Enquirer: 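The following block contains the structure, expressed as structure tokens.
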Protein chains: 2
Amino acid sequence: MTAQQLTRNQALVLDALSAAEAPLSAYTILDKLRGDGFRAPLQVYRALEKLQDFGLVHRLESINAFVACAHPDEDCCSHGLTAFTICESCGKVTEFHDHMIEERLAAFASDRNFRPGKTTIEIRGHCAGCA
Amino acid sequence: MTAQQLTRNQALVLDALSAAEAPLSAYTILDKLRGDGFRAPLQVYRALEKLQDFGLVHRLESINAFVACAHPDEDCCSHGLTAFTICESCGKVTEFHDHMIEERLAAFASDRNFRPGKTTIEIRGHCAGCA
DNA sequence: CAACTTATGTAATAACATTACATTTAGATT
DNA sequence: AATCTAAATGTAATGTTATTACATAAGTTG
């Protein structure tokens, strides 16, 4: 996915996520953007979908929420697997990549002729500050 | 979590999941069990919660659905991480454990003083039969 | 039995996400 | 510039997933 000019809605949603300290739900984003003319969930979901396509936003499956990519410039999300730690106290999310985990998962899939699509790795717990 | 006598509702929910070829949503389970007297979502969610505590059922976060544990006798789910492949065509789920992945994730968490709780690893894709 | 904990029943509501359809905008083509 | 087309947008309605609140019943332990 190559660099991309964002539409107004996409830019607003990305800004909202970038400004947030923690992941936001689609409906929280909607509420934040009502002042900018947002009125319906679909406006948010559509922008989120594109932003995910562009590798600028990640969806955290285990908490139904979204975060801005930590290093979008590296096109990080297309070259492999992204994993997350998610603090259940403060919401802080850390994004990381581990080549060995990627290989092990790929090997497992390959052994079973399973063709992998999107992979989710999320560790919920408590961060250093909240321990 | 030690072996456990299940209540009627818990047993019914577990049986429904065990009989299914693919993961079931809570509401699908509810519909299957209406003939057994189930009337409300909470009956299902409460049973599912306990069954997860007992290590007899897993929740698949990325598809909001539940599966019976593939090898509940081994108490598999308490001794470590469980990972899944999920076929997006036929719904088939394969459960697996990988000690090295477990170690890598633990090491990452430890390095950052992140105290891990529940970890999710789910690979969505297409199984050999559906490729 | 009394006190307590666990499980259950039921209704209502909250939270998350999609379908359907009409309209507008932005780029490309002529 | 006028036209065409694909992408994006607006809006309403609905579908799906999960929880809160409160009342009742059943099992456990002193």
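To find a chain, count down the sequence lines: A is the first, B the second, and so on, and within it residues start at 1. Hydrogens, waters and symmetry mates play no part in the numbers below; they use all other heavy atoms, side chains included. Since this is a predicted model, take the numbers as computed values, not measurements.
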Enquirer: Please say whether more than 12 non-hydrogen atoms of neighbouring residues, nucleotides or ligands are located less than 6.0 Å from CZ in A/Arg39.
Expert: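 It does not: A/Arg39 CZ has 12 such atoms or fewer within range.
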Enquirer: Please walk me through it: do A/Gln10 and A/Leu14 pass side-chain contact (heavy atoms from CB on, under 4.5 Å)?
Expert: CA-CA 6 Å; A/Gln10 289 160 13; A/Leu14 181 57; over 6 Å; no
Enquirer: Please determine if B/Arg104 forms a cation-pi arrangement with B/Phe108, meaning its NZ or CZ atom is less than 6.0 Å from the six-membered ring centre and no more than 45° off the ring axis.
Expert: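 The answer is no, since B/Arg104 fails at least one limit relative to B/Phe108.
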Enquirer: Closer than 4.0 Å, any side-chain N/O of B/Thr7 to the OP1 or OP2 of C/dT6?
Expert: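 No, outside the criterion.
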Enquirer: Walk me through it: do B/Phe66 and B/His58 pass the test ring-ring contact (aromatic ring centres under 6.0 Å, His included)?
Expert: CA-CA 6 Å; B/Phe66 303 84; B/His58 300 292; over 10 Å; no
Enquirer: Go through D/dT11, C/dA7, D/dA18 for me and flag the one nearest to the B/Ala26 side chain.
Expert: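 So the side chain of B/Ala26 is nearest to D/dA18.
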Enquirer: Send over the distance from B/Leu48 CG to D/dT17 C1', rounded to a whole Å.
Expert: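 Spelled out: CG on B/Leu48 to C1' on D/dT17 is 12 Å.
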Enquirer: So, does B/Asn64 get its side chain near the phosphate of C/dA17, meaning an N or O under 4.0 Å from OP1 or OP2?
Expert: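 Result: no.
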Enquirer: From CD1 of A/Ile63 over to P of D/dA18, roughly how many Å is that when rounded to an integer?
Expert: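 Going from A/Ile63 (CD1) to D/dA18 (P), I get 15 Å.
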Enquirer: Send over the distance from A/Gln10 CD to D/dA8 C1', rounded to a whole Å.
Expert: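 Taking CD of A/Gln10 and C1' of D/dA8, I get 8 Å after rounding.
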Enquirer: CG of B/Leu30 versus P of C/dT8: gap in Å, rounded?
Expert: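 Distance check: B/Leu30 CG to C/dT8 P gives 15 Å.
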Enquirer: Between the side-chain atoms of B/Tyr27 and the base atoms of D/dA18, is any donor-acceptor pair under 3.5 Å?
Expert: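 By the distance-only test, yes, there is a pair.
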Enquirer: Between A/Glu61 and A/Lys118, does any side-chain N to carboxylate O distance fall below 4.0 Å?
Expert: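 Salt bridge flag = yes for A/Lys118 with A/Glu61.
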Enquirer: Within this structure, what is the CD1-to-P distance between B/Ile29 and D/dT16, rounded to whole angstrom?
Expert: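 It works out to 16 Å between those atoms.
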Enquirer: Is it true that a side-chain atom of B/His97 and a backbone atom of B/Leu81 form a donor plus acceptor pair closer than 3.5 Å?
Expert: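 Checked: pair present.
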Enquirer: Under 4.0 Å: is that the gap between some side-chain N or O of A/Arg59 and OP1 or OP2 of C/dA17?
Expert: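 Result: yes.
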Enquirer: Side-chain N or O of A/Ser25 less than 4.0 angstrom from OP1 or OP2 on C/dC16?
Expert: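 Indeed, a polar side-chain atom of A/Ser25 lies that close.
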Enquirer: What integer distance in Å separates A/Asp36:CG from D/dG10:C1'?
Expert: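 Taking atom C1' of D/dG10 as the reference, CG of A/Asp36 is at 16 Å.
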Enquirer: Check each residue of residues 37-45 of chain A for a non-hydrogen atom within less than 4.0 Å of any atom in DNA chain D, then write out the ones that pass by number, or none.
Expert: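 Contacting residues: A/Arg39, A/Ala40, A/Leu42, A/Gln43.
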Enquirer: Which whole-number value in Å describes the distance from B/Leu6 CG to C/dA7 P?
Expert: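 Answer to the nearest Å: 11 Å.
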Enquirer: In whole Å, what is the span from the CD atom of A/Glu61 to the P atom of C/dA15?
Expert: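 Computing the A/Glu61:CD to C/dA15:P distance gives 20 Å.
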Enquirer: Grouping I, L, V, M, F, W and Y whenever their side-chain heavy atoms are under 4.5 Å apart, do B/Leu24 and B/Phe38 come out in a common cluster?
Expert: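 Yes, B/Leu24 and B/Phe38 fall within the same hydrophobic cluster.
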